Amino acid sequence: MPDNPIRTDAPVLDVQNLALRFKGAPANIVDGVSFSVHPGETLCIVGESGCGKSVTALSLMGLLPPQVARIMSGTASFDGRDLLSLGQRQMADLRGNTVSMIFQEPMTSLNPSYRIGDQIAEVALRHRPVSRAAARQRALEMLDRVKIPAAASRLNDYPHELSGGMRQRVMIAMALANDPTLLIADEPTTALDVTIQAQIIDLINDLQKETGTALIMITHDLGVVAEIADRVCVMYAGHIVEDAPVEAIFDDPQHPYTIGLMSSVPSIGPRSGKLATIGGMVPTIERMPSGCRFTPRCPFAQPDCAAATPALAELGPAHGVACHYAPLEATFAEAAS
Amino acid sequence: MRIPTADRIIETRSLTRRFAGKTGLFRATTFVSAVNEVSLEIRRGETFSIVGESGCGKSTLARLLVRLLQPSEGSVLYEGNDISTLSEGDVRRLRKDLQFVFQDPFSSLNPRMTVGALIEEPMRVHTRLSRTERRRKVAELLSKVGLRPAFANRYPHEFSGGQRQRIGIARALASGPKIIVGDEPVSALDVSVQAQVINLLEDLKSEFDLTLILIAHDLAVIRHMSDRVAVMYLGEIVELAPNDALFDKPLHPYTRALMRAIPIASPHGRTMDATLTGDVPSPLAPPSGCRFHPRCPHATDLCSAQKPAATEAGDGRMVACHHWQKIAEIPEVFAQEPPRNQTAAKRFALFRERSQQKEPTTAASK
């Protein structure tokens, strides 16, 4: 895993060779994943359903019960400790404190029967030696910071009284109540309308600048990636296939899956013919291809691709690509017309 | 600018649909106008899209257009005939021509029927084809939507989301319709599958001479697929324009805000603009005058007092805003995507070329 040359400081989180397997599954759902994120940096993990991006986040948060999935290998050093080897109690002390997470659907993450002010205050009470009054003051302060209008009168609202965008603001308020050093956001704007999405992304950007929190954003939306990311990891079927600074991912995409994914998204600009598509579909865990897992769908696949899993090789500054044949034009130039 | 009668396949006149809101023993029933006095025309053979945020009434409008819902007021004309007052039997006959593809294909396919039976059903109802002919046509439709004919004997739960959407499309095509309405037909699908289904819908549209009515919230999908686009806000159409015109130079302040809020998939694009604040107001108590006025940066007293009429804005465009001419002159950056650099463009071309060579296997493999 290459490090961003711009960042020579110590990462907030450094994940090495993480592998996860669901109970009874014949293959790893996450298979040898490594990445790191620095203070104030935004890392976007991009991929389609089932690529392992959310499971990765859940395992880092200690939210994957051992009876569901097992950690096969790997370390995740955070603040001098390995997140993956912490016990339930130690993890509970970190969660909502120095590491926080925001989920896609705020309605299912908020408790419907408690007032939002109490829910935010509880986060502060759980981790800090503060009085009830101080915690409530903190809740008010947080609602203000996530720009909820008339925050004081909103403290006593129940989640169902808020719109989707407002609920997501409350989730962000809860997640940031204890000034975490790492925030993980799993598709936080996917369920929102585009104008509300713009507000929420803007808010996350501002708060991150203010607090210097490191952010891991899981998304499938390349527009959101371009808007918010410093670094991007592209995941496919449990592997990171490309890891690069955001400019390089868009200006110099190397892996056939990255290129295919970008080709599949319609442009907001004038139409330029039919979409180029990736054939077939994402493999199921029961039928995980050997070697490079993208082989069966890759238009560039060669016989040796199924034989060996390519490692991330550095093809540019801090730009890792897991493909035997990158850069593609060096091998397949005859077709480039 | 009206569409000539011969080219007009659907027309609505002041179409309104109200739903009962909160009811109670001691209070008057309140009504929500999900669709409020919508008048539009759809041209035969075009892809007409309706876009807007949640709760704007786009799905209700789509259902009204093909009589899946009955209007509260106003009328819908299909091929010049009013279909809003038809009897149930006539509506069933109409269904042959007007078909629907739903967002979630799983909840719209009967889990106890085989894929073959599901696709055959509209033929049994609407055509006089013999059993053998129907079976043959099922196989033909399955391969048309990129699935193996042998899948006819399987059940919906055996398929992935993308495959189920293909089954939903095959079923919609079975009666030989003239119009297909897609209500967010690709929004539940992953990006790579979404692209396959978009291409499929386009191919089938030209092969079967269909008129496509598309409901979507994803503006990039709309831009890619549409001929004309209607923008809805709180039950009303605020702007209607040819695709390129709408994206290059939106006129209504709401459309303009939407276009500025889209995140551009390029690090060299403009950053998105989050200046449209607040949420969509409750449709139970829509604002007076122009329904957008409480969120509109250009609103004046006139806007809260008087509802703006739908105005022709040239080049087949319509806009409902008191101040559109003045607003149109404000220079703003909307949704341009900067071109790719040479290196990237070359690789995308390479991918396109090689993926087309590989094409025939699309989605059929399982």
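In what follows, chains carry the letters A, B, and so on, assigned in the order in which the sequence lines appear, proteins first and then strands, with residues in each chain numbered from 1. All figures in this text were calculated on a predicted structure; none of them were measured in a lab.
In terms of the ring-ring contact (aromatic ring centres under 6.0 Å, His included) criterion, residue partners of B:Tyr233 (sequence neighbours excluded) are, by chain and number, B:Tyr254, B:Phe292. Listed by chain and number, the residues in a side-chain hydrogen bond (donor to acceptor under 3.5 Å, both in side chains) with B:Gln194 amount to none (sequence neighbours excluded).
When each of A:Pro283, A:Ala198, A:Gly164, A:Ala226 is checked for heavy-atom pairs under 4.5 Å with chain B, A:Ala198 comes out on top. Across B:Ile262, B:Asp218, B:Ile222, B:Asp244, the residue that shares the most heavy-atom pairs under 4.5 angstrom with chain A is B:Ile262. Looking only at heavy-atom pairs under 4.5 Å with chain B, the residue among A:Gly260, A:Gly165, A:Pro149 that has the most is A:Gly260. When A:Asp202, A:Val246, A:Asp252 are compared by the number of non-hydrogen pairs under 4.5 Å with chain B, A:Asp252 comes out ahead. When B:Met272, B:Glu337, B:Gln336, B:Met259 are compared by the number of non-hydrogen pairs under 4.5 Å with chain A, B:Met272 comes out ahead. For the options B:Gly162, B:Pro339, B:Pro338, B:Ser192, heavy-atom pairs under 4.5 Å to chain A are most numerous at B:Ser192. When each of A:Leu203, A:Ile200, A:Asp251, A:Ile196 is checked for heavy-atom pairs under 4.5 Å with chain B, A:Asp251 comes out on top.
For A:Thr284, no part lies under 4.5 angstrom from a heavy atom of chain B. The contact between A:Val194 and chain B is made by backbone and side chain atoms together, counting heavy-atom distances below 4.5 Å. The part of B:Phe247 that comes within reach of chain A is its side chain, from C-beta onward, which places non-hydrogen atoms under 4.5 angstrom from that chain. Contacts between B:Ser54 and chain A at a heavy-atom distance below 4.5 Å involve backbone atoms as well as side-chain atoms. With a threshold of 4.5 angstrom between heavy atoms, B:Arg347 approaches chain A through its backbone and through its side chain. Within the 4.5 angstrom heavy-atom criterion, no atom of B:Asn243 approaches chain A. At a 4.5 Å heavy-atom cutoff, the contact between B:Glu202 and chain A is made by side-chain atoms alone. Of the two parts of B:Ile264, the backbone and the side chain both hold a non-hydrogen atom closer than 4.5 Å to a non-hydrogen atom of chain A.
For the side-chain hydrogen bond (donor to acceptor under 3.5 Å, both in side chains) test with A:Tyr236, the passing option among A:Glu242, A:Glu48, A:Arg297 is A:Arg297; the others fail. Each of B:Ser282, B:Pro287, B:Cys56 was checked for a side-chain contact (heavy atoms from CB on, under 4.5 Å) with B:Leu234, and the lone residue meeting it is B:Pro287.
In this structure, B:Arg223 pairs ionically with B:Asp248, as a charged nitrogen and a carboxylate oxygen lie closer than 4.0 Å.
In A:Glu210, the CD atom is crowded: over 12 heavy atoms of neighbouring residues, nucleotides or ligands sit closer than 6.0 Å.
Residues B:Asp183 and B:Lys58 have side chains not in contact (no heavy-atom distance under 4.5 Å, counting atoms from C-beta outward).
Between the side chain of B:Arg260 and the backbone N or O of B:Glu332, no donor-acceptor pair lies under 3.5 Å.
When only modelled atom types and interatomic distance are considered, A:Asp221 and A:Thr219 share no side-chain donor-acceptor pair under 3.5 Å. With hydrogens and angles left out, the side-chain atoms of A:Gln168 and A:Thr189 include no donor and acceptor closer than 3.5 Å.
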